[in-house]
Amino acid sequence: MHKKYYITTAIDYANGDPHLGHAFEKIGADVLARYHRLRGDDVLFVTGMDEHGQKVAQSAAKEGRTPQQQVDEIARRFQEAWAALGISYDRFVRTTSESHKVGVRALIERIFERSPDSFYTKTYAGWYCVGCEAFKTDEEIVDGKCVLHGTRTLEWVEERNWFFRLSEYADRLRTLIASGEFLQPRSRANEILSLIDQGLDDVSASRARAGWGIPFPRDTGDGEPQTTYVWFDALPNYITEVGFPDTQGEFAKWWPADVHIIGKDITRFHSLIWPAMLIAAELPLPRLVWAHGFVLLGGDRFSKSAGVTLDLQDAVSRYGADPFRYFLMREVPFDADGNFSWERFEERYNSDLANAWGNLASRTIAMVEKYCGAIVPAAELNDLDALDAVDMAAYDSAMRENLPNRALDHVWASVARGNEYVDRQAPWKLAKDPAKRGELEATLAALVRQLVRQAIVLSPFMPGRCTELLSQLGAPAEFLNVDGKMDSHLRGNDVERLGADGKMTFDATGWRVAKGASLFPKRETH
RNA sequence: GGCAGGGUAGCUCAGCUGGUGAGAGCGCACGACUCAUAAUCGUGAGGUCGCGGGUUCGAUCCCCGCCCCUGCUACCA
């Protein structure tokens with residue numbers, strides 16, 4: 001019996017090229033999605049783009065393009081980046097798609113029907129900054145300009161908008177978040193609780209300025225067309241992509257989402273406005289909102305203006321996507337901030353990948369070739385398997401808690417055990433004594449089994465290299481199907497590689513190993 | 001300013017409700033081995049556990065004060 005697992009990422013604002021921050025989130029979500037596929041869950045992994053807003057329209061104008069041309073181009077670049085990083089999403093949602101627009105309007109209408117008091121109109125007057133797409137308070141205005149956009153002039157705007165009565169939901173939201181199960185990690189839940197305790201303000205649901213967006217389905221009575229404001233435009237992507245407003249079929253199968261993976265900076269929208277919208281619409285709430293931290297560069301948050309950036313293409317081309325994915329997942333906790341530096345990357349690459357794991361594979365395969373004619377000998381399970389089982393179980397529970405970095409710690413405990421085991425058994429000595437033939441074979445078979453286990457549990461992190469290792473170990477075809485290329489997702493699964501209890505069953509006896517190129521070659525030192 | 005979290009070996013961090021000599025990984029030094037990507041295995045150096053008080057037979061872990069860092073303090077997303 002397979003469970004369904006619907007995982008989403010934040011949809012990225014189509015206002016620039018993909019960067020390390022975007023990549024970290026997508027890689028993290030991808031690792032979780034692949035892990036669940038490995039377990040045999042029926043996975044739906046959705047990511048995409050948020051493509052409306054005045055800033056998009058303006059940058060398009062600057063480029064001499066229509067807004068649609070502009071977002072088409074940016075969406076293409078994001079999808080290229082995700083392909084290069086091996087992000088195995090099932091669907092790429094775009095808020096400019098017709099189906100999304102239909103879904104958004106339907107959701108708003110549904111809220112009008114089910115919770116008639118949730119929307120109301122209010123006239124708002126103030127200085128409006130186009131750069132921020134927001135009204136500014138006196139403190140935010142210096143010399144008649146917005147402090148963040150000193151080159152743009154502010155506009156005095158009076159408009160009648162639709163508001164959403166978020167304040168009305170404060171009690172229910174507090175209960176929801178205080179449970180500790182809806183919003184994680186706990187530190188983020190605590191921040192939102194304190195926000196609730198300060199009192200929730202109602203939020204805009206529409207803007208009167210005709211803009212690049214979805215027309216709000218109802219007018220405010222002053223004749224001005226209303227455009228759906230960002231929350232009501234972007235957040236519903238999680239349901240429109242699974243068929244809403246049709247609540248049968250796909251929607252019934254996938255919704256509610258099992259987890260929304262988001263950055264900690266947009267926690268409040270996902271843990272307050274989104275559930276309030278769903279309550280108002282009388283729709284089920286997602287099971288979990290997971291707010292990850294940020295990847296810092298040299299201790300600073302990356303930013304284009306400060307020159308703190310990292311070119312994704314460059315990052316991938318240096319060692320390949322797999323080591324890059326591994327490094328980010330190993331070095332940056334998924335529940336807090338972490339640091340990226342090439343210095344650290346090289347350390348990790350050399351010690352963890354090349355020296356420890358890559359070399360363990362290399363020496364094991366070489367010995368099976370040398371001492372056993374390249375055929376994996378038959379042998380009973382031994383202590384190595386038993387000790388590894390503890391680490392594999394720990395890996396499993398860490399993955400279920402959305403902490404891939406901790407899961408990797410346990411896999412590397414297994415890797416270290418493997419290298420110790422080789423030295424302790426010293427197969428090269430056993431090979432010289434015909435009386436120890438049995439022990440030699442038991443040793444090498446145990447090492448092959450261990451590598452298979454490691455390749456399987458690491459495949460969500462490094463799908464390409466793990467497939468390569470399994471291939472070198474002589475694993476049959478169904479074992480090799482762990483790559484997550486865009487055109488060959490591992491869906492459902494034919495072979496239960498990782499059971500519901502985290503245990504694996506397979507028999508490597510008789511596999512023909514073939515040593516190939518190094519899994520993690522060291523670069524020329526210069 | 002308020003609220004929350006944190007300051008432990010060169011680096012990244014573990015240390016549950018206070019108690020035999022404060023730990024891991026990486027890095028470093030020395031030794032062993034030779035199957036392997038000059039990889040691996042073993043041993044070791046070494047830290048006033050942010051600062052100052054207090055409670056206690058005894059505190060890195062409790063209390064008070066101070067210093068420093070980070071996050072949140074709502075409509076860019």
Side-chain angles (χ1 to χ4, degrees), chain A residues 10-16 50 52-56 124 129-136 146 148-149 161 163-164 166 185-205 207 229-231 233-235 262-269 272-273 291 293-294 296 299 301 330-333 336-339 341 343-344 347-348 350-371 405-406 409 412-413 416 418-431 440 443-444 447 515 517-523:
Chain A
I11 52 174
D12 301 309
Y13 196 45
N15 195 36
D50 173 14
H52 288 131
Q54 282 183 302
K55 268 191 279 194
V56 169
Y124 198 99
C129 173
V130 174
C132 296
E133 294 185 47
F135 287 97
K136 311 308 287 187
C146 162
L148 299 177
H149 297 91
N161 295 329
F163 277 75
F164 178 68
L166 181 65
R186 187 74 216 188
S187 55
R188 306 264 81 102
N190 290 338
E191 287 177 2
I192 297 300
L193 284 173
S194 81
L195 192 73
I196 295 173
D197 290 337
Q198 290 168 44
L200 294 180
D201 294 336
D202 294 341
V203 296
S204 307
R207 281 290 147 82
Y229 195 49
V230 57
W231 330 125
D233 178 329
L235 290 167
I262 59 161
K264 63 183 185 180
D265 53 338
I266 53 175
T267 307
R268 74 167 58 99
F269 311 130
L272 296 175
I273 299 175
F294 293 135
L296 310 177
R301 182 157 181 199
R330 179 68 189 256
E331 196 75 5
V332 184
D337 293 350
N339 232 314
S341 76
E343 203 178 2
R344 190 75 177 157
E347 281 177 18
R348 281 284 184 202
N350 286 329
S351 64
D352 294 0
L353 298 179
N355 295 349
W357 197 45
N359 186 52
L360 177 62
S362 174
R363 65 201 305 210
T364 297
I365 294 170
M367 288 189 286
V368 172
E369 287 188 335
K370 195 164 181 176
Y371 304 134
N405 58 309
R406 266 183 29 198
D409 286 342
W412 256 262
N419 278 316
E420 287 164 27
Y421 182 73
V422 174
D423 279 48
R424 186 152 24 88
Q425 294 297 103
W428 50 93
K429 286 183 186 165
L430 298 175
L440 172 65
T443 297
L444 295 179
L447 285 167
K515 188 160 184 177
S518 292
L519 243 42
F520 304 101
K522 289 192 180 173
R523 299 170 94 208

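Reminder, nothing fancy here: chain letters follow the sequence lines and each chain counts from 1.
Pair check for B:G46 finds none; no Watson-Crick or G-U wobble contact set falls under 3.5 Å. Across all strands shown, B:C72 forms a Watson-Crick or G-U wobble pair, both distances under 3.5 Å, with B:G2. As the counterpart of B:U40, B:A32 is assigned, both hydrogen-bonding distances of the Watson-Crick or G-U wobble pattern falling under 3.5 Å. Base pairing annotation: B:C16 forms no Watson-Crick or G-U wobble pair, as no partner gives both donor-acceptor distances under 3.5 Å. The nucleotide B:A77 finds no pairing partner, because no Watson-Crick or G-U wobble arrangement with both distances shorter than 3.5 Å includes it. Using Watson-Crick or G-U wobble geometry with both donor-acceptor distances under 3.5 Å, B:G58 finds no partner in any strand shown.
To the nearest whole angstrom, the two C1' atoms, one in B:G71 and one in B:G25, are 27 Å apart. Comparing the same atom, P, in B:U17 and in B:G6 gives a spacing of 11 Å after rounding to whole Å. Straight-line distance between the C1' atoms of B:G53 and B:G46: roughly 29 Å, to the nearest whole Å. Going from the P atom of B:G58 to that of B:G18 covers 16 Å, rounded to whole Å. Here, B:A59 and B:C26 have their P atoms 34 Å apart, quoted to the whole Å. Taking the P atoms as reference points, B:G27 lies 16 Å from B:C11, given to the whole Å. Nucleotides B:A36 and B:A29 are separated by 24 Å at their C1' atoms, to the nearest Å. Rounded to the nearest Å, the gap between the C1' atom of B:C66 and that of B:A24 is 32 Å.
Going from atom CG of A:Leu296 over to atom P of B:C13 covers 10 Å, rounded to whole Å. For A:Phe269 and B:A77, the CZ to P distance is 7 Å, given to the nearest whole Å. When the P atom of B:A24 is taken as reference, atom CG of A:Asp352 falls 17 Å away, rounded to whole Å. Between A:Leu353 atom CG and B:G25 atom P the separation is 18 Å, expressed in whole Å. Atoms CG (A:Asp337) and P (B:G7) sit 15 Å apart, rounded to a whole Å. Put simply, CH2 on A:Trp357 is 17 Å from P on B:U37, counting in whole angstrom units. We find that CG of A:Leu195 is positioned 12 Å from C1' of B:C75, with the value rounded to whole Å. Spacing between atom CG of A:Leu430 and atom C1' of B:C35 amounts to 11 Å, rounded to whole angstrom units.
In the set B:A74, B:A36, B:A77, B:A74 carries the atom at the smallest distance from any side-chain atom of A:Asp201. In the set B:A77, B:U37, B:C35, the nucleotide with an atom closest to the side chain of A:Tyr371 is B:C35. Here the side chain of A:Ser351 is nearest to one of B:U34, B:C72, B:C26, namely B:C26. For A:Arg344, counting side-chain heavy atoms from C-beta on, the closest listed nucleotide (B:C75, B:U12, B:U37) is B:U12. Side-chain atoms of A:Ile266 lie closest to B:A77 of the nucleotides B:U37, B:A77, B:G27. In this structure, the nucleotide among B:G71, B:A39, B:A74 sitting nearest to the side chain of A:Asn355 is B:A39. Looking at the side chain of A:Lys515, the nearest of the listed nucleotides B:C3, B:G71, B:A36 is B:A36. Of the candidate nucleotides B:U34, B:G42, B:U40, B:U40 has the atom nearest to the side chain of A:Asn419. Checked against B:A77, B:C35, B:C41, the side chain of A:Glu420 finds its nearest nucleotide in B:C41. For A:Ser362, the listed nucleotide lying nearest its side chain is B:U37; candidates were B:A74, B:U37, B:C75.
Residue contacts for A:Leu272: at a heavy-atom cut-off of 4.0 Å it reaches no nucleic acid atom on any strand shown. At a threshold of 4.0 angstrom between heavy atoms, the contacts of A:Leu360 with the nucleic acid are absent. Across all strands, A:Asn405 comes closer than 4.0 Å to no nucleic acid atom at all (heavy-atom distances). Within the nucleic acid shown, A:Asp50 comes within 4.0 Å of sugar-phosphate atoms alone, with no base atom in reach, counting heavy atoms only. At a threshold of 4.0 angstrom between heavy atoms, the contacts of A:Ser204 include nucleobase atoms, whether or not backbone atoms are also involved. Contact annotation for A:Arg188: backbone-only contact, meaning every heavy-atom pair under 4.0 Å involves sugar-phosphate atoms and none involves a base. Within the 4.0 angstrom heavy-atom criterion, no nucleotide atom of any strand lies near A:Gly418. Across all strands shown, A:Ala366 has heavy atoms under 4.0 Å from sugar-phosphate atoms exclusively, and none from any base.
With values rounded to the nearest 0.5 angstrom, A:Lys429 atom NZ is found 14.0 Å from A:Leu440 atom CG. Here A:Leu447 contributes atom CG and A:Met367 contributes atom CE; the two are 6.0 Å apart, rounded to the nearest 0.5 Å. Note that the CG atom of A:Asp423 and the CH2 atom of A:Trp428 stand 5.0 Å from one another [nearest 0.5 Å].
Judged by distance alone with a 3.5 Å cut-off, a donor-acceptor contact links the side chain of A:Asn359 to the base of B:A36.
If you find the closest nucleotide of RNA chain B to A:Gly338 and to A:Phe520, the one lying nearer the 5' end belongs to A:Gly338. For the pair A:Asp423 and A:Gly199, both in contact range of RNA chain B, the more 5′-proximal nearest nucleotide belongs to A:Asp423.
Not one N or O on the side chain of A:Asp50 forms a donor-acceptor pair closer than 3.5 Å with the backbone of A:Asp12.
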Next on the checklist: Walk me through whether A:Val203 and A:Leu272 qualify under side-chain contact (heavy atoms from CB on, under 4.5 Å).
Outcome noted: CA-CA 11 Å; A:Val203 296; A:Leu272 296 175; over 6 Å; no
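When side chains are defined from C-beta on, A:Phe294 counts as touching A:Asp265, because their heavy atoms get closer than 4.5 Å. Between A:Leu519 and A:Ser362, the closest side-chain pair of non-hydrogen atoms is not below 4.5 Å. At a threshold of 4.5 Å between non-hydrogen side-chain atoms, the residues A:Asn355 and A:Lys522 count as touching.
Taking 4.0 angstrom as the limit, A:Lys522 places a side-chain polar atom (N or O) nearer than this to OP1 or OP2 of B:A39. In this model, the phosphate group of B:C35 is not approached by any side-chain N or O of A:Tyr421 to a distance below 4.0 Å at OP1 or OP2.
A salt bridge is defined here as a Lys NZ or Arg NE, NH1 or NH2 lying under 4.0 Å from an Asp or Glu carboxylate O, and A:Glu369 with A:Lys515 fails to meet this definition.
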